[in-house]
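See below for the structure under consideration.
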2 protein chains.
Amino acid sequence: MPDMASSERVTSIWDIARITGVSHQTVSRVINGKTNVKASTRELVLRTIEEHGYTPSTVARALAGGTARTLTVLTVNTELYGCAATLRGIEEAARLAGFTVAISVLEPGAARTARDVEARLGNPRTPAIVIAFESAGVRALSALNALSDDSPVVGVVERPDSQAAAMAADPTRVWIDDRSAAAHATGQLLGLGHETVHYLAPPSSTAQLGQRGLGWQETLVAAGRRVPDPVDCEWTPRAGYLAGRELLVDPAVTAVLCGNDDLALGVLHAARERGRAVPDTLSVVGFDDAPHSAYAAPTLTTVRMDFEGLGRAAFARLHSLLEPEAPALPTLWEEPELIVRESAGPLRRTV
Amino acid sequence: MPDMASSERVTSIWDIARITGVSHQTVSRVINGKTNVKASTRELVLRTIEEHGYTPSTVARALAGGTARTLTVLTVNTELYGCAATLRGIEEAARLAGFTVAISVLEPGAARTARDVEARLGNPRTPAIVIAFESAGVRALSALNALSDDSPVVGVVERPDSQAAAMAADPTRVWIDDRSAAAHATGQLLGLGHETVHYLAPPSSTAQLGQRGLGWQETLVAAGRRVPDPVDCEWTPRAGYLAGRELLVDPAVTAVLCGNDDLALGVLHAARERGRAVPDTLSVVGFDDAPHSAYAAPTLTTVRMDFEGLGRAAFARLHSLLEPEAPALPTLWEEPELIVRESAGPLRRTV
DNA sequence: GTCGGGCATGTTATCGCTCCCGCGTGAGCT
DNA sequence: AGCTCACGCGGGAGCGATAACATGCCCGAC
């Protein structure tokens, strides 16, 4: 490695200034698109930059207190479809706006104090987006909010903290209304003739049933059906399989709503193992519409969630928090939609 | 609560110094664990820090030329299992070492010049890991290498640039030897009695067949079998489905090796549609062992890849590049392993 | 006794950039 | 002619940290 010879300092704004024959300030004005620069001077500076390959240091920029254009995403797991897709949405929007995106994974187990989270950001005022679909995220989010009440933090949450926050359209929170989607899915299953619907509950942001679970519950209650105990699960297909294996010994279980698609795949697997034909003797509905769900066997009926749109919206919120006069990006995302495929249908045979 | 009024400035090293009654340099020594500080002074400073909630600014640190402890991961798609898992491995190792991880997604289409990539990093000398499984990544990697020959960049690649690099154990590259794994999988399929094996080729890092494809090809050639044209595909299940639908009209196609699990799921779907029983009339083998592959129907025979280990190793390489005397982290990862499940087996019936 | 050397600490320079302020110039107004 | 003021531009002060150097101090060695 020939690294001895190269004490090469990267070209800085001063180098460009010296070469062009102007002050560093003028160079700064040019690269920031300020107006008070003569066109010819601007041209000259630009050419020098082009020739010498200069890139402004984001680090120095951030230190100097200019617009930081950096944000940190706190999330639990980059492999989970929901998180990954949201992250993708955030990154895409951020990159387009010239932001650098840092990520930091929250281990579900670790108790996160405000100090811990602060250390992640390297600076308490670093803009952040917290993907808070479950408790570790929620803890981190409230820790950040407690740290300073005006810190630029946007939460991607399961639901707003309060009715009031939802009504006031709290600009620091975005969420997908999956409660009504779950209600819709549950209603659909009941409409197919199922006596009741069982629910596999992934970790929620609260100790209680999550929004999806609530939508399921309220639909059953409204229809006067028996509400089975929800089954607590991890996010994995394996968890769905294990839960399914227990659940499906009971022939009365004919419809299962799963908190996400991975769980649903696990249940389908358990159904195969138990010899329960899907959808003839068992209906399974998932959540998320992960890319492979359309190719499961049977293809999975699921609720499509616009995570990327959600991520883009989260960034848009953060951006307008940071730079109020910034061009407003689209801050909307699609409502969840039930995608009907093969895994749910009317009962055709008894078990 | 130090500041209830929003005086907006974060506590800095100077504040701590002033409060404790020492110089800022001493505080710096304490937070960096330097030795030349009296125990009592250290204690004092530490307590002040604790009480006032101070976090060193990573930004200022980076500017000051100290160990930057920041790295950028360049990748194509955070949703793809291989990339996501590798990213997870990198992030985990980096976080443990106190590094901040930034990510930047490379759009496959865009032509990436060195300047483009440089702009992503905010500074040409920013440490980076490029996940270069396909061409966009490879382009970015070579652009970075061209920029400066000693920049701290590690590539997670499909294979080493040259035999020489592989022999010399180039510390700036990590890769999984999936060529022999593909060969093994192909051999396995031939051993089951298949006349030949077809291959669905995902985008490779070169214009040619990727390593997986080469392993497949050389095995067929060595066995004196006909080598069918590989079918070029995207990474998606949909691509696998479309390719499968065309391929499976030919009853002579009895074994398909797929460049990743998503493709394999698509092929399984196409098989179902065409009424081809798996594995009795068709064997399908995937690559990656994504979490849901074990729960596909039929469960997917696939090659397990230790992407997280690979990611950890990539970080370890980068770390030792940056701080030669840093504690050496484990830089090994598991070799790929064929996981035999239901989707591959001997021909039992003719179509 | 004096000198050299480690130790604990303070002082100053520097990193690359942005902000604030000030200076000259020429156009436009009175 | 005098005054203002926008324009184009430069000078210097930070931002929060680290690095290099400087300073006392105490202690053992010659």
Side-chain angles (χ1 to χ4, degrees), chain A residues 7-45 49 52-70 98 100 118-119 121-126 323, chain B residues 7-45 49 52-70 98 100 118 121-126 322-323:
Chain A
S7 68
E8 46 175 291
R9 270 182 45 262
V10 284
T11 63
S12 79
I13 200 172
W14 285 96
D15 299 321
I16 298 298
R18 189 173 32 75
I19 297 168
T20 318
V22 298
S23 77
H24 72 281
Q25 182 58 267
T26 300
V27 177
S28 173
R29 288 193 184 98
V30 169
I31 61 182
N32 288 303
K34 297 289 173 60
T35 51
N36 292 347
V37 182
K38 193 162 53 170
S40 63
T41 310
R42 176 187 304 277
E43 194 65 29
L44 220 55
V45 171
I49 289 177
H52 293 261
Y54 160 75
T55 311
S57 156
T58 55
V59 168
R61 227 173 220 180
L63 220 212
T67 51
R69 297 205 163 277
T70 292
T100 297
E118 185 181 345
L121 304 183
N123 175 331
R125 300 192 63 80
T126 300
E323 302 165 13
Chain B
S7 66
E8 306 295 343
R9 256 190 62 262
V10 196
T11 65
S12 80
I13 200 171
W14 286 94
D15 300 320
I16 300 297
R18 188 172 34 74
I19 298 167
T20 318
V22 298
S23 78
H24 73 283
Q25 183 58 267
T26 301
V27 177
S28 173
R29 289 191 184 101
V30 169
I31 61 182
N32 288 304
K34 295 291 173 59
T35 52
N36 294 345
V37 182
K38 193 162 54 170
S40 62
T41 310
R42 177 187 303 277
E43 194 65 27
L44 219 58
V45 171
I49 289 177
H52 293 259
Y54 159 75
T55 311
S57 154
T58 55
V59 169
R61 236 175 209 175
L63 219 211
T67 52
R69 297 203 163 278
T70 292
T100 297
E118 185 181 345
L121 304 183
N123 174 334
R125 300 189 66 79
T126 299
L322 254 32
E323 304 166 12

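Reminder, nothing fancy here: chain letters follow the sequence lines and each chain counts from 1.
Contact annotation: B:Thr41 side-chain N/O to C:dA8 OP1/OP2 distance is not under 4.0 Å. Look at A:Asn32 and you'll find a side-chain N or O under 4.0 angstrom from OP1 or OP2 of C:dT18. A sub-4.0 Å separation between OP1 or OP2 of C:dC17 and a side-chain N or O of A:Ser57 is absent. Contact annotation: A:Ser28 side-chain N/O to C:dC19 OP1/OP2 distance is not under 4.0 Å. In this model, the phosphate group of D:dA19 is approached by a side-chain N or O of B:Lys34 to a distance below 4.0 Å at OP1 or OP2.
A 4.5 Å side-chain heavy-atom check between B:His52 and B:Thr20 finds every atom pair outside the cut-off. Annotation: side chain of B:Lys38 is not in contact with side chain of B:Leu44 (no heavy-atom distance under 4.5 Å). The shortest side-chain heavy-atom distance between B:Gln25 and B:Lys34 does not fall under the 4.5 Å cut-off.
In this structure, the CZ atom of B:Arg18 is 14 Å from the C1' atom of D:dG16, given to the nearest Å. Residue B:Lys38 contributes atom NZ, which lies 12 Å from atom C1' of D:dC26 at whole-angstrom precision. B:Ile13 places its CD1 atom 14 Å from the P atom of D:dC15, with the value rounded to the nearest Å.
Counting atom types as modelled, B:His24 pairs a side-chain N or O with a base atom of C:dT12 as donor and acceptor under 3.5 Å. At a cut-off of 3.5 angstrom, counting only N and O atoms as typed in the model, there is no donor on one side facing an acceptor on the other between the side-chain of A:Arg42 and the base of D:dG8.
Considering only the side chain of B:Leu63, C:dC15 comes nearest among C:dC15, D:dG10, D:dG14. With D:dG16, C:dG10, D:dG11 as the choices, the nucleotide that has an atom nearest any side-chain atom of B:Thr26 turns out to be C:dG10.
Comparing A:Arg29 and B:Trp14 by the nucleotide of DNA chain D whose heavy atom lies nearest to each, the residue mapping closer to the 5' end is A:Arg29.
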Determine, step by step, whether B:Ile31 and B:Ile13 satisfy the side-chain contact (heavy atoms from CB on, under 4.5 Å) criterion, reporting the C-alpha distance in whole Å, the side-chain angles of both residues, the deciding distance to 0.1 Å, and the verdict.
-> CA-CA 10 Å; B:Ile31 61 182; B:Ile13 200 171; 4.3 Å; yes
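What you find for A:Thr11 and A:Tyr54 is that their closest heavy atoms are O-CD1, 3.2 Å.
Here B:Ser23 lies in heavy-atom contact (under 4.0 Å) with a base. Residue contacts for A:Val59: at a heavy-atom cut-off of 4.0 Å it reaches no nucleic acid atom on any strand shown. If you check every strand for non-hydrogen atoms under 4.0 Å, B:Thr58 touches nothing.
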